[in-house]
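First up is the structure itself, then whatever we jot down about it.
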Amino acid sequence: MTFSLNPSYPDNPRLDELVTRLRDYLEGELADYESGLGLGPETPLDRSMLEPVWQRSRELGFYGIHLPESLGGQGLSLTELAALKEEIGASGRQLATSVLGDMGGPLRVGAIFEHATEHQVEKYLMPVVRGERACCFSMTEDDAGSDVRRMRTTATPTSGGFLVSGRKVFSTGGTFADFAILVARMAGEEESYAAFFVDLDSPGCRVLPGDLPLSGQNIESDVVLEDCFVPQENLLGDIGQGLRIALGRVTANRLLHCPTALGAARRALALALDFAAHRTVFDGLLLEKQAIQHRLADMATDYYAARSMTYDALADLDAGKRPRIESFMCKLFVAERSFEIADAALQLHGKAGMVRGAEIEVIWRRLRMFRVLTGSSEIQRNGVIRDLVKSLGAS
């Protein structure tokens with residue numbers, strides 16, 4: 001893999017063309033749209049801002065591009081999808097997560113198709129693919145984050161369906177979603193979970209603004225359920241399969257979170273290089289100081305190493321292999337090194353980097369969160385050592 005802060009893919013003409021078009025859209029039309037709305041990194045988002053991006057991205061072929069052609073996509077490999085997600089992360093656009101469908105769109109529901117009934121596909125999933133409806137994923141609870149089996153939300157069988165009660169937190173995009181894919185414990189059971197499609201306007205269901213995260217993005221919500229009736233036809237898969245459905249394709253999902261962080265790290269490095277090349281200190285450019293040169297060299301090396309291992313693992317996954325321990329390693333290394341790159345870039349900016357809302361400061365906050373979200377670094381270390389010990393037993 002060649003190092004570049006502006007990656008190209010000459011060996012894959014289709015991907016090279018897609019990346020070029022995506023950059024043009026992110027830096028041109030989408031940037032202009034956001035400017036017209038006056039969007040900043042902490043502007044509260046609403047449905048009216050997002051729907052035009054869903055529709056325009058679909059017109060351009062990006063919304064749901066990873067899906068098979070039978071579902072309106074282009075059947076991208078995971079490696080190709082990762083390259084596009086990296087551009088999303090590097091763009092700095094406030095609405096970038098709506099372009100491929102990360103924010104309540106096709107990237108949220110792609111893995112659900114294999115479990116859904118024909119009715120569920122037509123009512124819930126295909127409208128999401130078309131940009132007509134949006135979803136959120138509701139599994140996390142206050143005391144059930146990494147330890148999902150501590151969840152207290154319960155589903156009680158009743159005539160024609162289930163009564164669901166509990167409170168889910170960090171349901172990203174819930175305030176502008178139409179339905180949730182929600183996991184609950186079966187009432188009276190210790191280790192039986194079920195997944196449901198829950199219409200968020202159902203009686204007994206309320207969507208509340210969630211806690212404001214470190215990133216400052218107003219996108220989190222709580223889903224509160226009080227004997228909310230969910231019809232039998234909304235059960236996703238079978239009772240007892242809830243966690244397997246929710247955590248399905250874990251290795252792929254863990255790896256596909258990494259490119260967005262890599263993109264943000266790439267942007268942080270580019271900002272640091274540009275700042276050092278123009279900042280004058282003590283009668284010379286900051287970039288002329290050897291200490292700064294060495295720090296930038298370390299940042300670039302960390303980015304290259306993190307990117308290389310991520311795309312190597314994705315290539316194995318595309319080839320039909322199962323890089324389980326590698327996925328833990330990638331999430332751990334990418335999270336830690338991307339944040340270190342952002343932290344060094346902010347330090348290099350000095351006072352200019354500490355201004356609330358400065359681009360490097362925004363990247364710093366978001367990458368700090370990445371060390372916790374989608375599985376903390378400690379959880380990844382647990383996975384690495386667990387698989388290492390298993391490999392010793394197998395040898």
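By convention here, the first residue in the shown sequence is residue 1. Given the structure is predicted, the values throughout are model-derived calculations rather than measurements.
Distance check: Tyr193 OH to Met186 CE gives 12.0 Å after rounding to the nearest 0.5 Å. Rounded to the nearest 0.5 Å, atoms CG (Asp142) and CG (Asp222) are 7.5 Å apart. Between the OG atom of Ser338 and the CZ atom of Arg307 there is a distance of 12.0 Å, given to the nearest 0.5 Å. One finds the SG atom of Cys258 at 9.5 Å from the CG atom of Leu332 (value rounded to the nearest 0.5 Å). Considering CG of Leu107 and OH of Tyr63, their distance stands at 9.0 Å, rounded to 0.5 Å. With rounding to the nearest 0.5 Å, the separation of CG in Leu78 from CG in Asp318 is 4.5 Å.
Heavy-atom contacts from other residues, nucleotides or ligands closer than 6.0 Å to CZ of Arg279 number 12 or fewer. Within a 6.0 Å sphere centred on CZ of Arg14, other residues, nucleotides and ligands contribute more than 12 heavy atoms. Environment of CD in Glu191: crowded, with over 12 heavy atoms of neighbouring residues, nucleotides or ligands closer than 6.0 Å. In this structure, Glu59 places its CD atom where more than 12 heavy-atom neighbours from other residues, nucleotides or ligands lie under 6.0 Å away. Shown here is Gln347, whose CD atom has no more than 12 heavy atoms of other residues, nucleotides or ligands within 6.0 Å. Within 6.0 Å of atom NZ in Lys321, 12 or fewer heavy atoms from other residues, nucleotides or ligands are found, so the atom counts as exposed in its surroundings.
With hydrogens and angles disregarded, no donor-acceptor distance shorter than 3.5 Å links the side chain of Ser202 to the backbone of Cys205. Judged by distance alone, with hydrogens and angles left aside, the side-chain atoms of Lys168 form no donor-acceptor pair with the main-chain N or O of Ala180 at under 3.5 Å. Distance alone, capped at 3.5 Å, places no donor-acceptor pair between the Ser35 side chain and the Asp32 backbone. The closest donor-acceptor contact from the side chain of Arg365 to the backbone of Leu214 lies under 3.5 Å. Checked by atom type and distance alone, the side chain of Ser376 pairs as donor or acceptor with a backbone atom of Ile379 at under 3.5 Å. A donor-acceptor pair under 3.5 Å is formed between the side chain of Gln120 and the backbone N or O of Thr117. Side chain of Ser308 to backbone of Ala305: no donor-acceptor contact under 3.5 angstrom is found. A distance-only check finds no donor-acceptor pair linking the side chain of Arg58 to the backbone of Gly131 [under 3.5 Å]. Under a 3.5 Å cut-off, the side chain of Gln217 and the backbone N or O of Glu42 do not form any donor-acceptor pair. With hydrogens and angles disregarded, a donor-acceptor distance shorter than 3.5 Å links the side chain of Arg47 to the backbone of Phe176.
Exactly one residue among Leu348, Asp343, Leu346, Val355 makes a side-chain contact (heavy atoms from CB on, under 4.5 Å) with Ile360. That residue is Leu346.
The closest side-chain donor-acceptor pair between Ser165 and Glu226, if any, does not fall under 3.5 angstrom. Under the 3.5 Å distance criterion, with hydrogens and angles disregarded, no donor-acceptor pair is assigned to the side chains of Asn6 and Ser4. Judged purely by distance below 3.5 Å, without hydrogens or angles, the side chains of Thr43 and Gln94 never pair a donor atom with an acceptor atom. Of the N and O atoms on the side chains of Glu86 and Thr260, not one donor lies less than 3.5 Å from an acceptor on the other residue. At a cut-off of 3.5 Å, with distance as the only test, a side-chain donor of Asn234 or Tyr124 sits close to an acceptor on the other residue. Judged purely by distance below 3.5 Å, without hydrogens or angles, the side chains of Asp316 and Tyr311 never pair a donor atom with an acceptor atom.
The hydrophobic cluster containing Val198 also contains Val223, counting ILVMFWY residues as joined when their side-chain heavy atoms lie under 4.5 angstrom apart, directly or transitively. Leu286 and Ile341 fall within the same hydrophobic cluster, where Ile, Leu, Val, Met, Phe, Trp and Tyr residues are linked whenever their side-chain heavy atoms come under 4.5 Å apart, directly or through other members. Cluster membership check: Ile239 does not share its hydrophobic cluster with Leu243, using side-chain heavy-atom separations under 4.5 Å among Ile, Leu, Val, Met, Phe, Trp and Tyr. A chain of hydrophobic side-chain contacts below 4.5 Å, direct or via other Ile, Leu, Val, Met, Phe, Trp or Tyr residues, connects Leu317 to Tyr9. Cluster annotation: Leu100 is connected to Tyr33 through the hydrophobic network of ILVMFWY side chains, with a link wherever side-chain heavy atoms come within less than 4.5 Å.
Between Thr79 and Ala315, the shortest heavy-atom distance links the atoms OG1-N, 3.7 Å. Heavy atoms only, all atoms of each residue included: Met103 and Ser98 are closest at CB-OG, 4.0 Å. Among all heavy-atom pairs drawn from Gln55 and Glu132, the shortest one is NE2-N, 4.2 Å. For Thr153 against Gly166, the heavy-atom pair with the smallest separation is OG1-CA, 3.5 Å. Closest of all the heavy-atom pairs between Cys136 and Gly173 is CB-C, 4.3 Å. Nearest heavy atom pair, residue Val207 against residue Ser221, reads CG1-CB, 3.9 Å.
Under the 4.5 Å side-chain criterion, counting only non-hydrogen atoms from C-beta, Val183 is not in contact with Ser138. Taking 4.5 Å as the limit, every side-chain heavy atom of Asn218 sits out of range of all side-chain heavy atoms of Thr175. Using a 4.5 Å heavy-atom cutoff, the side chains of Met1 and Pro7 are not in contact. Inter-residue side-chain proximity for Leu95 and Leu45 is flagged as met; some heavy-atom pair is nearer than 4.5 Å. Contact check for Lys85 versus Asp102: side-chain heavy atoms found under the 4.5 Å cut-off. Inter-residue side-chain proximity for Met126 and Phe113 is flagged as met; some heavy-atom pair is nearer than 4.5 Å.
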Evaluate the side-chain hydrogen bond (donor to acceptor under 3.5 Å, both in side chains) criterion for residues Asp16 and Ser8: first the C-alpha distance (whole Å), next the side-chain angles of each, then the deciding distance (0.1 Å), finally the verdict. CA-CA 6 Å; Asp16 206 45; Ser8 61; 4.7 Å; no
Stepwise, does the side-chain hydrogen bond (donor to acceptor under 3.5 Å, both in side chains) test hold for Glu220 with Ser171? CA-CA 6 Å; Glu220 303 300 341; Ser171 295; over 6 Å; no
Determine whether Arg266 and Glu87 satisfy the following criterion, salt bridge (charged side-chain N to carboxylate O under 4.0 Å, His left out), listing intermediate values before the conclusion. CA-CA 10 Å; Arg266 188 178 98 199; Glu87 296 305 318; 3.0 Å; yes
Please report the C-alpha distance between Asp199 and Arg133 in whole Å, then the side-chain angles of each, then the deciding distance to 0.1 Å, and finally whether the salt bridge (charged side-chain N to carboxylate O under 4.0 Å, His left out) criterion is met. CA-CA 11 Å; Asp199 292 295; Arg133 304 190 80 193; 3.6 Å; yes
Could you check Arg206 against Leu208 for side-chain contact (heavy atoms from CB on, under 4.5 Å), going step by step and ending with a plain yes or no? CA-CA 6 Å; Arg206 292 179 294 145; Leu208 305 176; 4.3 Å; yes
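Ion pair Glu27/Arg93 not flagged as a salt bridge, since none of the NZ, NE, NH1 or NH2 atoms sits closer than 4.0 Å to an Asp/Glu carboxylate oxygen. Salt bridge present: Arg371 and Glu336 bring a charged side-chain N and a carboxylate O closer than 4.0 Å. A salt bridge links Asp143 with Arg152: the closest approach of a Lys/Arg side-chain nitrogen to an acidic carboxylate oxygen falls below 4.0 angstrom.
Judged by the 6.0 Å and 45° rule, Arg381 forms no cation-pi pair with Phe328. Stacking of Arg23 on the aromatic ring of Tyr25 is not recorded, the 6.0 Å distance cut-off and the 45° axial limit not both being met. Cation-pi geometry between Lys123 and Phe179 is not met at under 6.0 angstrom from the ring centre and within 45 degrees of the axis.
For Phe196 and Phe162, the ring centers sit closer than 6.0 Å to each other.
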